[in-house]
Q: 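My structure is below; once you've seen it, I'll send some questions.
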Amino acid sequence: RGVRAWEDRWWELAAEMGDRVARIIGAPAGSVSMHENVTTASAVALSSLRPDGRRRRIVCTEMDFPSMVYLYRAQEALGFELKIVPALDDLSVPGERIASAIDDRTCVVALSHVLFRSSYIVDPVPVIERAHQVGAVVMLDGYQSAGIIPVDVATMGVDFFVGGCLKWLCGGPGNAFLYAAPWIKSERSPSL
């Protein structure tokens, strides 16, 4: 079909798939976009953030997937600084431990909902609460959680949620997604 395929629903398919994923993760229609992989989806979210004055820190954990940590390190060239929260001996990183690393210098907190190396489920609630107290945004990586444990991004109040359809959503490769909360586009978010 060549270029005509765009007229035969290709253009709409990404939005349709995004809305299907939205129903699974508790997101409103139109808030999930499809991407090639989680690192790309995360890069899209990070591209909306800028270091500003003292607020230039990205907080992540040492148990995040390596490609994600590489992405966060690359943001240092743009003026961000990286704070990596170490894991406990059992390879867990409790939400409270991450929350304690957040301060008024934090711009974004990026963490995995389920740690890929240990299957530890991180409670994102204390992280989201603390981040929002200081005006930071949270990007939660749900690659290992969406489809296997209940996820409701609206109830959690997370700013960004990334994930992929390859694992627990039983889809094929090249089906990653990015949820952006409705307030991300508003003036309310000081980091944007």
Side-chain angles (χ1 to χ4, degrees), residues 14-35 37-61 64 68 71-72 75 78-83 85 95-96 98-114 121-147 149-165 169 176-192:
E16 290 175 27
M17 288 307 302
D19 285 348
R20 285 183 182 193
V21 169
R23 289 192 299 269
I24 294 168
I25 64 171
S31 64
V32 176
S33 57
M34 301 303 293
H35 299 273
N37 56 57
V38 172
T39 306
T40 300
S42 299
V44 169
L46 287 172
S47 74
S48 69
L49 305 171
R50 302 282 180 267
D52 182 31
R54 284 191 50 172
R55 187 179 301 282
R56 50 191 338 97
R57 183 170 285 169
I58 296 173
V59 174
C60 70
T61 80
D64 290 326
M68 301 307 297
L71 173 65
Y72 308 145
Q75 304 312 300
L78 300 174
F80 283 103
E81 65 178 51
L82 187 60
K83 167 77 174 167
V85 178
E96 295 78 10
I98 302 165
S100 70
I102 300 169
D103 61 23
D104 63 350
R105 296 170 292 177
T106 305
C107 179
V108 61
V109 182
L111 70 145
S112 296
H113 194 188
V114 175
I121 300 171
V122 178
D123 179 4
V125 173
V127 176
I128 295 166
E129 288 175 353
R130 177 65 181 141
H132 288 174
Q133 283 175 353
V134 300
V137 297
V138 177
M139 182 168 57
L140 187 60
D141 180 344
Y143 195 86
Q144 301 289 342
S145 64
I149 63 172
V151 172
D152 188 328
V153 295
T155 299
M156 281 191 281
V158 69
D159 303 286
F160 296 105
F161 186 85
V162 297
C165 299
L169 294 178
F177 57 86
L178 165 63
Y179 159 77
W183 57 83
I184 286 298
K185 294 180 186 176
S186 76
E187 302 272 331
R188 185 174 82 86
S189 184
S191 299
L192 301 176

Q: Counting C-beta onward and ignoring hydrogens, is there a side-chain heavy-atom pair between Leu46 and Phe80 closer than 4.5 Å?
A: no
Q: For residues Ala101 and Lys83, report the shortest heavy-atom separation together with the two atoms involved.
A: CB-CE, 4.2 Å
Q: Could you give me the CA-CA distance, side-chain angles and deciding distance for Val122 and Ile98, then say whether side chain to side chain contact (heavy atoms under 4.5 Å, CB included) is met?
A: CA-CA 9 Å; Val122 178; Ile98 302 165; 3.9 Å; yes
Q: Write down the atom of Ala22, the atom of Pro28, and the distance for their closest heavy-atom approach.
A: CB-O, 3.9 Å
Q: A side-chain contact here means heavy atoms from C-beta on lying under 4.5 Å apart; do Ile25 and Phe177 qualify?
A: yes
Q: Would a distance-only check, ignoring hydrogens and angles, find a side-chain to backbone donor-acceptor pair under 3.5 Å from Asp19 to Gly30?
A: yes
Q: When rounded to the nearest 0.5 angstrom, what is the spacing between CD in Glu81 and CZ in Arg54?
A: 9.5 Å
Q: Show the numbers, then the answer: is there a side chain to side chain contact (heavy atoms under 4.5 Å, CB included) between Met17 and Val32?
A: CA-CA 9 Å; Met17 288 307 302; Val32 176; over 6 Å; no
Q: How long is the gap from CZ on Arg57 to CG on Asp104, to the nearest 0.5 Å?
A: 9.0 Å
Q: Does any non-hydrogen side-chain atom of Val158 lie less than 4.5 Å from one of Tyr179?
A: yes
Q: Does any non-hydrogen side-chain atom of Asp159 lie less than 4.5 Å from one of His132?
A: yes
Q: Ala110: what forms a side chain to side chain contact (heavy atoms under 4.5 Å, CB included) with it, not counting sequence neighbours?
A: Tyr72, Met139
Q: Taking the side chain as every heavy atom from C-beta outward, state whether Phe161 and Ser31 have any atom pair closer than 4.5 Å.
A: no
Q: A side-chain contact here means heavy atoms from C-beta on lying under 4.5 Å apart; do Met68 and Ser42 qualify?
A: yes
Q: Identify the heavy atoms of Pro124 and Met156 that sit nearest to each other, and give their distance.
A: CG-SD, 3.5 Å
Q: On a heavy-atom basis, which atom in Val153 and which in Ala27 lie closest, and how many Å separate them?
A: CG2-CB, 3.7 Å
Q: If you round to the nearest 0.5 Å, how far is CZ of Arg130 from OG1 of Thr106?
A: 7.5 Å
Q: Considering only NZ, NE, NH1 and NH2 on the basic side and carboxylate oxygens on the acidic side, decide whether Arg105 and Asp103 come within less than 4.0 Å.
A: yes
Q: Might you point out which heavy atoms bring Gly26 and Ala154 nearest each other, and give the distance in Å?
A: O-CB, 3.4 Å
Q: With sequence neighbours excluded, what pairs up with Arg20 under the side chain to side chain donor-acceptor pair (under 3.5 Å) test?
A: none
Q: Can you tell me how far the OG1 atom of Thr39 sits from the OH atom of Tyr143, to the nearest 0.5 Å?
A: 10.0 Å
Q: Do Val127 and Ile102 come close enough that some side-chain heavy atom pair is under 4.5 Å?
A: yes
Q: Answer whether the closest heavy-atom distance between the side chains of Arg55 and Cys107 falls below 4.5 Å.
A: yes
Q: Looking at every heavy atom in both Val151 and Ser145, which two are closest together, and how far apart are they?
A: CG2-OG, 3.9 Å
Q: Just how far is it from atom CG of Leu111 to atom CG of Leu140, taken to the nearest 0.5 Å?
A: 5.0 Å
Q: If I take atom CD1 from residue Ile149 and atom CD1 from residue Ile121, how far apart are they, to the nearest 0.5 angstrom?
A: 4.5 Å
